[in-house]
Amino acid sequence: MGTASIFDEVPDIYKNRDVLSHRFIPDELPHRDREIRELASYLKHALKGYTPPNLLILGHTGTGKTVTVKKVLNELAKVAGNIVDISYVIANGTPFQVLNDIAYELNPQVNFRGISFKEAWNRFKKILSKEKVTIVVLDEVDKMLFHGSDLLYFLSREEKICTIALSNKINVMDLINDKRVLSSFNPIKIVFPKYNAIQLQDILQYRAKMAFYEGVLDEEVIPLCASLAALEREGDARYALDLLLYAGDEAIRQGSNKVTAQHVKIARRKVEEDFIKQSILNLSLVQKFLLLAVLRNEGASPREIYSICNEYLLKYRGETLSHRRLSSLLSDLELYGFVIYVRRGRGRGMGTAWQIYLNDTLDRKIVEEALKESILKDL
Ligand SMILES: Nc1ncnc2c1ncn2[C@@H]1O[C@H](COP(=O)(O)OP(=O)(O)OP(=O)(O)O)[C@@H](O)[C@H]1O
Ligand SMILES: [Mg+2]
């Protein structure tokens with residue numbers, strides 16, 4: 001009795017669990033020396049009051065683009081004193097919304113409500129200080145370009161603004177079809193290569209040393225997380241770190257003082273589950289209904305899927321959509337990797353028919369659960 005607490009029983013394996021979070025910016029970034037040096041070489045101009053060239057940082061998801069840019073800009077801010085302003089945003093929204101976010105980072109007092117983009121731009125220019133170089137970081141820029149590229153046009157025509165755009169869509173420039181924009185936004189490209197298993201081990205090793213007490217990780221744990229990330233997720237460091245974190249939490253849940261390969265295997269399933277859930281959450285309600293229709297009728301034709309989806313829509317929303325609209329939404333589901341189209345010959349002279357299946361890599365039970373859960377939230 002007395003001081004005993006329910007928490008006494010819980011194993012203590014973490015020195016600092018936050019180190020494994022996505023938000024943490026480590027002091028060292030193994031295997032990114034070249035990229036750091038290259039970024040620094042361009043951004044150094046800002047220290048002399050010159051505007052650095054616009055940059056486009058490309059690379060597969062989890063190659064360290066965000067963390068590397070943030071790290072270099074933190075260092076720049078330390079030495080730049082009063083001559084550089086930095087505005088980092090995740091460019092998830094229309095050019096107007098993104099401009100609003102950029103402005104907010106520079107001056108929380110600005111308010112663009114109820115005005116046009118052009119007016120907002122004029123107000124934005126007024127908050128820029130004439131003597132300073134302003135560095136604008138548009139992370140995940142593809143999300144904005146999907147809505148429009150005007151902002152890139154205005155930013156790149158402005159003196160004293162350096163735009164750094166980041167994307168994991170290698171062909172992101174194809175999203176810009178406005179010639180005006182293409183001719184004024186002509187960035188230097190820096191491509192971040194994928195990590196291999198050995199490099200991922202170094203990255204994990206470094207973070208694990210800060211995160212866990214010594215001797216907590218079985219020796220096969222880091223190599224396993226690294227090789228799973230290399231083999232199954234094209235070297236995604238975020239996935240590797242997630243595996244390690246989930247494995248640690250799973251060990252604790254089981255009351256174990258050691259993290260083992262067995263915990264990593266359970267972690268793998270949980271990370272997968274979270275990933276599917278998150279991707280489904282990001283779909284529109286109609287797409288969720290389409291996916292549910294496919295899941296419950298695998299092998300059906302697109303037409304059949306549209307009808308079933310319309311039944312759901314009618315029942316829960318009191319409306320239906322044209323096949324044409326549904327067809328484009330279903331193609332998006334293929335693009336995102338949720339469904340596949342399989343071609344079936346109907347015999348000589350009968351043309352071909354398509355059948356829709358859920359992507360083989362997806363666990364059907366997880367998809368069904370996640371769909372039900374998130375559709376309920378929408379209704
Ligand atoms: N070289 C590295 N050293 C230490 N940690 C790293 C390294 N590279 C990536 N990470 C970590 O891996 C995770 C993913 O990195 P980051 O978010 O920078 O990827 P990204 O390239 O921006 O991916 P996305 O395209 O999905 O945005 C982060 O937690 C980051 O801290
Ligand atoms: Mg990123």
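One-based numbering, in listed order, for ligands and for the atoms of each. FYI, side chains are in, hydrogens and waters are out, and symmetry mates aren't considered; it's all heavy atoms of this structure.
When only modelled atom types and interatomic distance are considered, Arg32 and Tyr195 share a side-chain donor-acceptor pair under 3.5 Å.
Distance from atom 23 (O) of ligand 1 to its nearest protein heavy atom, with residue and atom name: Gly62 N, 2.9 Å. Looking from atom 25 (O) of ligand 1 to the surrounding protein, the closest heavy atom is Lys65 NZ, 2.7 Å. With respect to atom 9 (C) of ligand 1, the closest heavy atom belonging to the protein is Gly64 CA, 3.6 Å. Of the protein's non-hydrogen atoms, Val67 N, 2.9 Å is the one closest to atom 18 (O) of ligand 1. The closest protein non-hydrogen atom to atom 11 (C) of ligand 1 is Leu241 CD1, 3.6 Å. Nearest to atom 4 (C) of ligand 1 among the protein's heavy atoms is Ile203 CG2, 3.5 Å. Nearest non-hydrogen protein atom to atom 5 (N) of ligand 1 is Arg207 NH1, 3.1 Å. Atom 3 (N) of ligand 1 has as its closest protein heavy atom Pro30 CD, 3.2 Å.
For ligand 1, the atoms lying closer than 4.0 Å to a non-hydrogen atom of Asn168 are 24 (P), 25 (O), 26 (O). Every atom of ligand 1 is numbered from 1 in the order shown, and the set under 4.0 Å from a heavy atom of Thr63 is 19 (O), 21 (O). Per-residue contacts place Ala237 under 4.0 angstrom from the following atoms of ligand 1 (heavy atoms of the residue considered): 9 (C), 12 (O).
Between Trp354 and Tyr341, the ring-plane angle classifies as perpendicular under the 30° and 60° cut-offs. By the 30° and 60° cut-offs, the orientation of the rings of Phe338 relative to Tyr336 is perpendicular.
In this structure, Asp33 CG and Glu28 CD are separated by 9.0 Å, a value rounded to the nearest 0.5 Å. We find the CG-NZ distance between Leu56 and Lys65 to be 10.5 Å, quoted to the nearest 0.5 Å. Rounding to the nearest 0.5 Å gives a distance of 12.0 Å between OH of Tyr306 and CZ of Arg325. Here the CG atom belonging to Leu29 is positioned 5.0 Å from the OG1 atom belonging to Thr68, to the nearest 0.5 angstrom. Ile203 contributes atom CD1, which lies 13.0 Å from atom SG of Cys225 (distance to the nearest 0.5 angstrom).
Ligand 1 has at least one atom lying under 4.0 Å from a heavy atom of Tyr195.
Heavy atoms from other residues, nucleotides or ligands lying under 6.0 Å from CG of Asn82 number 12 at most.
The hydrophobic clustering, which links ILVMFWY residues whose side-chain heavy atoms are closer than 4.5 Å, places Tyr42 and Phe192 together.
Annotation: His31 places no N or O atom under 3.5 Å from an N or O atom of ligand 1; distance criterion only. Backbone and side-chain nitrogen or oxygen atoms of Glu28 are examined, and none is located within less than 3.5 angstrom of a nitrogen or oxygen of ligand 1.
Metal site remark for the Mg ion (ligand 2): Thr66 contributes an N, O or S atom at a distance under 2.8 Å.
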